[in-house]
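Let me begin by presenting the structure, written as structure tokens, before commenting on it.
Predicted model only: the values in this text are computed from it and were never measured. Reckoned from all heavy atoms, side chains included, excluding hydrogens, waters and symmetry mates.
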Amino acid sequence: MKQHYSKCLLTFLALFCLNVAIAQEIDVSGTIMGGENGEPLPGATVMVKGTTNGTITDFDGKFKLKAPAGARLLVTSIGFKPAEVDASPNVTLTLEEDVTRLNEVVVSGLATTVKRGNLANSVASISAKELTTMSNQSTMDGALYGKFKGANIVSNSGAPGGGISIKLRGLTSINGSNEPLYIIDGVYLDNSSISAGLNVVSAAAGGGSQSNQDNPSNRIADIDPEDIASIEILKGASAAAIYGSRASGGVVIITTKRGERGETEVTLSQTVGVTQILNPLGTRKWDAAKVEAAFGADEVANFQSAQAAGNLHDYEDELYGNKGFLSTSRVTATGGSDKTKFFLGITRKDDEGIVKNTGYEKTSFRLNLDQKIASWLDVKASTNYIHSSADRGFFNNDNSGNTMGIAFVATPAWAQLEKGSNGLYPNNPYAASNFLQTRDLITNNETVNRFLVGGTVVARLITQDKQSLRLNVNGGIDQYTLSTTAIFPNTLQFQKDGNGLNGVSVQGNTVTQNSNASIFLIHDFFPGSSGLSFTSQAGITFIDFDQNNIIATASDMNGTQTNLDQSGSVSVAQNRIIQKDRGFFIQEEVNFNDMVIATAGVRGDKSSNNGDVNKLYYYPKGAIAINLHNFDFWNVNFLEQTKLRAAYGEAGNFAVFGDKFSALNAVNIDGSGGLIISNLKGNREIAPERQSEFETGVDFGLLNGKISIDATYYIKKVDDLLLRAQIPSSTGQTTAVVNAATMENRGVEIGLNMNLIRRENFSWSSTTSFWRNTSEVTRLDIPSYTVGGFADFLGQFRIKEGHSPTEIIGVGANPDEDGLVVFGDQQPDFQMSFLNQLNYGPFELSMLWHWKQGGENINLTALLSDLSGTSPDFDKIDLDPEGELGNGDYRLSQLGANTAPYIENASYVRLREIALYYKLPVLQDYAKSVKIGASANNLLNFFEYRSYDPEVSNFGGQGLSSGVEVTPFPSSKRYNFHLIVKF
């Protein structure tokens with residue numbers, strides 16, 4: 001018996017000693033660095049391999065944890081290749097940058113992510129470094145130019161405060177919006193362009209296909225690009241289907257910067273610069289013969305008198321020659337503990353425009369907080385307050401001759417328009433307005449107060465070895481008030497002496513609230529050693545939109561008064577938009593050892609905008625990615641990655657609010673108020689426009705990550721397009737809203753990333769992108785029609801089965817069956833961008849080139865200049881096939897018979913951004929780092945287009961809007977100097 005107990009005791013002691021040995025832990029600490037310069041890498045994840053035990057590095061790249069003796073550590077960080085190292089008391093590891101971004105995390109659902117190396121779609125990602133490190137950006141959307149494939153980005157105006165239209169993978173609607181859905185930290189953003197009511201003065205809506213020609217900005221410009229950590233762009237339905245009926249134009253997902261554990265780090269930056277006109281055209285060189293030909297013999301004496309007195313003016317320089325001062329001041333603070341992390345960012349921007357009395361001021365305050373309530377419960381909050389004020393001048397089309405651009409092109413150099421010693425401006429005898437007087441006296445201001453508040457709660461309900469279940473609840477509110485003020489004093493030439501309305505004050509107030517809430521359940525399941533893993537998610541979404549726009553217009557103002565009640569006449573217009581959307585989604589992702597990754601899901605949506613508010617519209621998606629390099633049979637050693645991928649998805653575009661109803665308009669009948677039915681007949685059966693997209697592609701990575709190549713081909717079909725169809729007037733109405741067409745986009749996107757040189761003191765990386773899209777109307781249930789311009793003989797777009805929806809037609813020889821001639825297409829033949837980044841010791845040089853080949857514009861600025869004889873190229877001879885007429889005379893000789901001279905190639909090559917920075921030696925007692933630098937936007941521009949910029953859009957950001965120019969606010973180039981100090 002004693003012998004038996006002795007054996008048991010010895011066995012117990014042996015097992016105890018073995019367990020002690022196995023369980024023995026050591027204290028591990030160290031530093032993680034990144035990149036070729038070996039800078040400390042904050043926020044890197046350090047995990048004990050094969051366990052859930054881990055931590056993240058602080059701001060100095062340092063970490064501490066406990067690990068079993070002999071364990072391996074797995075270190076990962078976004079933008080770097082993962083690496084392993086033995087656990088030891090003192091670890092030092094430098095991660096290599098992942099130029100291929102294969103380990104970058106990309107959104108795969110509403111609440112899940114996937115490694116880029118496993119992604120089945122071509123999803124563009126833009127980092128904070130790419131977005132704003134090169135140069136200081138005026139607006140967020142402006143910072144996207146040329147930085148990702150598949151986009152056609154056009155500036156609607158060069159006015160301060162933005163105004164940019166983005167179309168992803170071609171046109172997705174004819175009458176509706178083509179803009180993508182913007183989501184920032186889970187908050188659905190409103191990106192409206194809201195009229196200031198200038199039409200009462202310009203009468204622009206009297207011609208053209210769009211009523212909003214007020215040159216407004218769009219609200220995505222409010223977001224401070226300096227706050228952004230990353231942007232992901234889901235360019236088509238194959239990736240965006242999970243977002244349902246709002247995703248036809250694609251989805252732009254914005255993630256802002258957040259705090260990391262560690263000591264508080266403060267960064268101060270100051271940027272100052274100057275802006276000037278991008279492409280001054282010069283003015284026509286006059287002599288007596290030219291004056292007589294253009295203005296008649298009686299005008300020659302005025303010209304000669306001004307010439308003799310030295311009073312010939314360069315009015316282009318006087319109007320557009322302001323060297324605007326630019327200033328951006330910013331402070332950030334970030335830090336936190338294991339439980340609480342914060343990020344604070346404050347930006348103050350003050351940009352002057354190239355036209356005097358125009359400019360853009362913005363103050364942005366952001367506070368992001370992350371709180372660990374318990375080991376299983378996390379809360380994230382994002383808050384942003386924005387106040388901005390933009391003075392945008394008075395430009396673009398008008399039918400009164402009053403806007404500054406149209407008055408300028410009508411005015412010759414010998415006109416005397418300057419303010420006299422008595423403080424008064426003379427009338428302009430050559431135009432309806434004195435544009436210098438207009439510049440100095442009018443007000444056209446947009447003021448925004450905006451609050452963005454979002455929150456996410458993550459509850460890890462189950463955490464086991466083989467499965468986990470978490471609950472995500474998030475929501476947000478986007479609330480802003482836009483105040484527009486347009487004042488035209490009765491002292492203006494076009495307002496006094498019976499020429500106008502004797503002074504106009506237009507004051508608008510728009511209150512918008514966009515709220516959203518979502519509830520998700522996400523289940524991860526790892527069944528065992530089979531290599532299979534499953535990620536399942538399901539959820540419901542609630543989105544409400546409420547916009548109330550009121551514009552009050554007063555005319556016949558009393559003296560210098562601007563209050564609405566100090567007038568002889570006041571009218572009020574109100575536009576109210578209320579929309580409620582409800583939806584659900586489910587998605588399943590299956591991963592087999594990172595070899596085959598398949599995803600399937602469906603979204604269901606209903607909306608108050610649909611004819612049947614309770615009808616659900618379903619949007620399925622499916623995708624598969626095959627990583628051939630992870631299979632045993634793969635033996636192509638120089639290809640580290642070879643991935644085949646394919647995806648299909650559907651998305652929608654809601655009908656415009658109110659299209660299902662026949663509206664009632666107010667009318668005055670014999671002094672009594674009443675209502676009459678509008679000319680537009682509503683459609684009780686109206687349904688969303690529907691998009692389906694199939695995308696396939698291949699990705700390669702080779703030479704140990706030095707080169708990566710991706711190629712994508714897509715077919716995107718847009719069905720049930722909502723059009724305005726003509727109906728018999730005997731019905732009492734003239735047009736009706738119908739789902740009456742189908743359109744198809746086909747395109748190719750190719751990317752080449754090269755990490756060309758990686759040495760201790762020198763590195764060079766390059767990214768080349770190519771993209772091309774073609775469109776065709778494949779079904780049209782109504783007769784073909786022209787739209788998007790002012791008249792067929794001046795150039796318009798045509799909607800016709802079998803043709804591109806952006807083809808530009810006009811009149812000329814050999815017309816087709818419609819009596820029209822096709823002169824080009826607004827859509828480019830292709831686009832390319834070239835991004836290069838070089839580092840040499842403390843120097844950093846970056847540059848971005850953008851090449852747009854093909855695409856035509858309708859240049860009506862040239863027409864208006866020709867009609868006044870003031871075109872800068874009026875006397876140049878390079879258009880007339882006979883080589884006899886000057887360009888101005890030749891173009892005018894063709895007017896009404898041949899539209900071709902006013903349809904121009906809009907190709908360009910431009911240096912979008914260039915920047916050079918120098919990192920000063922660090923003085924540890926004062927600052928962690930100090931950088932100085934210089935940058936420029938649009939520094940070099942090469943194009944033959946005969947105006948200020950080939951990027952034009954008279955009609956804003958709606959469907960067929962780009963490519964029509966009518967004396968816009970010219971684009972500018974910017975020069976900046978930077979100082980960045982980290983403490």
Side-chain angles (χ1 to χ4, degrees), residues 106-107 119-126 141 144-154 164-174 176-182 231-253 619 621 623 645-653 689-697 710-719 721 741-751 769-778 804-806 825-833 850 852-855 957-963:
V106 178
V107 170
L119 192 64
N121 294 92
S122 174
V123 175
S125 295
I126 301 174
D141 44 3
L144 298 177
Y145 274 116
K147 293 178 181 175
F148 65 97
K149 304 182 291 292
N152 191 26
I153 304 177
V154 175
I164 289 177
S165 172
I166 298 178
K167 295 180 178 66
L168 302 177
R169 290 184 173 175
L171 206 66
T172 55
S173 183
I174 292 175
S177 174
N178 283 265
E179 293 293 307
L181 167 66
Y182 291 90
I231 298 177
E232 293 176 17
I233 298 101
L234 313 182
K235 292 174 282 190
S238 62
I242 206 71
Y243 292 90
S245 296
R246 290 173 173 255
S248 180
V251 182
V252 177
I253 303 171
Y619 303 98
K621 66 174 289 189
R645 50 185 170 81
Y648 173 83
E650 298 181 8
N653 191 17
E689 297 178 335
R690 190 176 192 88
Q691 177 192 130
S692 60
E693 181 187 63
F694 174 74
E695 170 189 315
T696 184
D710 64 271
T712 301
Y713 174 75
Y714 63 85
I715 302 174
K716 182 165 67 173
K717 179 181 178 182
V718 187
D719 206 353
L721 282 165
T742 299
M743 181 169 57
E744 189 172 270
N745 291 281
R746 294 173 179 260
V748 174
E749 300 168 358
I750 301 173
S769 300
F770 171 94
W771 63 102
R772 167 184 168 82
N773 183 86
T774 58
S775 304
E776 180 184 349
V777 177
T778 57
S804 166
T806 51
D825 198 300
Q826 184 272 326
Q827 193 163 218
D829 297 332
F830 66 82
Q831 295 188 69
M832 295 188 72
S833 65
H850 185 192
K852 177 173 113 29
Q853 178 60 41
Q958 290 301 303
L960 290 169
S961 58
S962 301

Taking the side chain as every heavy atom from C-beta outward, state whether [X] and [Y] have any pair of such atoms under 4.5 Å apart.
X: D710; Y: K149; result: yes
X: V252; Y: L181; result: no
X: K167; Y: T172; result: no
X: E179; Y: S165; result: yes

Any luck finding a side-chain donor-acceptor pair between [X] and [Y] under 3.5 Å?
X: S173; Y: E689; answer: yes
X: Q691; Y: S248; answer: yes
X: Y619; Y: S245; answer: yes
X: N773; Y: Q827; answer: yes

As an exercise, state the distance from [atom1] of [X] to [atom2] of [Y], rounded to the nearest 0.5 Å.
X: S775; Y: L171; atom1: OG; atom2: CG; value: 6.5 Å
X: E232; Y: S125; atom1: CD; atom2: OG; value: 4.5 Å
X: F694; Y: I715; atom1: CZ; atom2: CD1; value: 7.5 Å

Under a 4.0 Å N-O cut-off, is there an ion pair linking [X] with [Y]?
X: E693; Y: R169; value: yes
X: D829; Y: K852; value: no
X: R690; Y: E650; value: yes

Checklist entry - Do side-chain atoms of S833 reach the backbone of G146 as a donor and acceptor pair under 3.5 angstrom? => result yes
Item to check | Side-chain donor or acceptor of W771 paired with backbone N/O of G747 under 3.5 Å | outcome: no
Checklist entry - Under the criterion side-chain hydrogen bond (donor to acceptor under 3.5 Å, both in side chains), which of E695, R645, K235 is the partner of S122? => result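 Per the side-chain hydrogen bond (donor to acceptor under 3.5 Å, both in side chains) rule, the option paired with S122 is K235, out of E695, R645, K235.
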